[in-house]
Amino acid sequence: MIVSGKLVRADAGAIAPAGEALRRGGLVAFPTETVYGLGANAFDDNAVAGVFAAKGRPRFNPLIVHVRDLKEAALYGEFSDMARELAAAFWPGPLTLVVPRVKDCALSLLVSAGLDTVAMRAPAHPVAKALLIEAKLPVAAPSANPSGRLSATRASDVAETLSEHVDFILDGGDCPVGIESTVIGFDDGMAVLLRSGAISRDELEPITGTLRTLDKSHIAAPGMLESHYAPRAMLRLNAREARDGETFLGFGPYVPKNISNLSASGDLREAAANLFAMLHKLDMSGAKTIAVMPIPHEGLGEAINDRLARAAAPRP
Ligand code: TXA
Ligand code: MG
């Protein structure tokens with residue numbers, strides 16, 4: 001693993017220079033409650049373009065802009081009553097809201113990739129919050145991983161893949177949730193689930209009513225692309241046992257102790273937190289095919305199964 005001087009513990013002494021780097025147009029990787037983000041000044045086209053270049057995104061997909069709170073978000077996006085209610089209920093936290101850009105919006109057009117909407121969320125992680133306060137800027141940040149690959153939940157994973165492109169990697173330990181934010185958009189005032197994620201459908205539907213999902217022909221979010229979040233190894237899902245040459249990834253109590261297990265107690269929250277780190281570890285160990293046990297499709301299981309299905313999808 002390549003660790004450079006850029007990987008620093010995210011204490012008060014590191015936040016100030018990281019905020020300064022963002023203001024100068026640099027890139028800073030930082031922990032959020034979901035996954036690590038690769039941050040840039042959301043006003044600065046060059047800095048945002050640097051994010052696309054660092055990730056090797058094949059085209060300009062829109063990015064999530066991280067803000068301190070709804071008051072700041074409302075400077076850049078138009079919030080309907082339902083959008084406000086969702087922000088009030090879940091911010092700071094792992095919910096991203098896609099709303100129309102305000103007229104003469106000061107954010108770089110690149111963060112919206114040409115759309116007239118902008119995705120925003122207020123993260124809950126103390127390091128992300130401190131960085132936003134220090135930078136005094138909205139921060140555009142996709143997950144801190146090369147495009148199409150596994151999201152990073154540990155600073156060392158970011159260091160392995162993106163070191164040369166960033167000014168700083170703030171190490172705030174493992175991301176507690178471990179799976180990306182839920183992305184909600186609006187169509188004719190109705191909420192649409194653009195990407196399942198850390199906030200489950202059952203938590204949202206009391207506010208949104210039954211959530212529609214987009215059909216596959218309508219790719220509004222790259223998180224909706226078939227192959228995404230992919231390790232190098234192939235994945236076989238709903239596996240009951242490992243076949244010859246496969247590496248097993250278990251879930252629940254009936255898995256031998258020496259086998260990787262997303263959650264021995266069958267806890268979906270723990271499984272979400274472990275998902276990317278365990279896939280990454282098995283990938284690094286040289287596994288050719290990872291056979292993954294079935295995960296119940298309830299609560300956070302919807303987001304876990306979504307990521308597994310994409311990781312297993314045929315590669316472009
Ligand atoms: O938890 C997270 O959301 C992490 C942390 C760092 O905040 N970020 C993250 O960003 O996962 P990224 O870029 O990997 O995923 C952003 C998702 C994509 O699926 C993107 O297409 C969607 O949000 N998105 C962003 N802006 C959008 C827009 N204007 N319309 C529709 N979808 C949008
Ligand atoms: Mg991503």
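Read the numbers this way: they start at 1 and go in the same order the structure lists the ligands and their atoms.
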(message) Looking at D171 and R154, is there a salt bridge between them, counting it only when a charged N and a carboxylate O are closer than 4.0 Å?
(response) no
**Report entry** D267 and S265: side chain donor to acceptor below 3.5 Å
**Finding:** no
In ligand 1, the atoms that come under 4.0 Å of a heavy atom of S143 are 8 (N), 9 (C), 10 (O), 12 (P), 14 (O)
I133 meets the side-chain contact (heavy atoms from CB on, under 4.5 Å) criterion, sequence neighbours left out, with R68
Does ligand 1 have an atom that lies less than 4.0 angstrom from a heavy atom of N61?
no
Taking the non-hydrogen atoms of E33, is any one of them nearer than 4.0 angstrom to ligand 1?
no
| Considering residues, nucleotides and ligands other than R269, do more than 12 of their heavy atoms fall under 6.0 Å from its CZ? | no
Under 4.0 Å from one or more heavy atoms of L115, ligand 1 contributes atoms 28 (C), 29 (N), 30 (N)
Exercise. So is T96 polar-close to ligand 1, meaning N/O to N/O under 3.5 Å?
Worked result: no
Does any part of the side chain of H165, heavy atoms only, come nearer than 4.5 Å to the side chain of L162, both counted from C-beta?
yes
Ligand 1 atoms nearer than 4.0 angstrom to some heavy atom of T34 are 1 (O), 2 (C), 4 (C), 5 (C)
Quick check: Y36 and ligand 1, any N/O pair under 3.5 Å apart?
no
Is there any N or O on R121 that sits under 3.5 Å from an N or O of ligand 1?
yes
Honestly, for E180 the part within reach of ligand 1 (heavy atoms, under 4.0 Å) is both
Numbered in order shown, the ligand 1 atoms found under 4.0 Å of a heavy atom of V98 are 28 (C), 29 (N), 30 (N)
Ligand 1 atoms nearer than 4.0 angstrom to some heavy atom of A119 are 25 (C), 26 (N), 27 (C)
### Query
Counting both backbone and side chain atoms, is some N or O of S112 under 3.5 Å from an N or O of ligand 1?
no
Do R195 and L193 have side chains that approach each other closer than 4.5 Å (heavy atoms only, starting at C-beta)?
no
At less than 2.8 Å, would any N/O/S atom of S147, backbone or side chain, sit next to the Mg ion (ligand 2)? no
Can you confirm, on distance only, whether ligand 1 has an N/O atom lying under 3.5 Å from any N/O atom belonging to T117? yes
Checking S200 against E203: is there a side-chain donor and acceptor pair closer than 3.5 Å? yes
Does any donor atom in the side chain of T32 or R121 lie under 3.5 Å from an acceptor atom in the other side chain?
-> yes
If we number the atoms of ligand 1 from 1 as shown, the ones under 4.0 Å from a heavy atom of H66 are 5 (C), 6 (C), 7 (O)
Atoms of ligand 1 under 4.0 Å from any heavy atom of I64, numbered from 1 in the order shown, are 3 (O), 8 (N), 9 (C), 10 (O), 16 (C), 23 (O)
Checklist entry - Is R307 salt-bridged to E180, cutoff N-O under 4.0 Å? => result yes
Exercise for the section: Please indicate whether D202 has more than 12 foreign heavy atoms, meaning atoms of other residues, nucleotides or ligands, lying under 6.0 Å from its CG. Expected result: yes
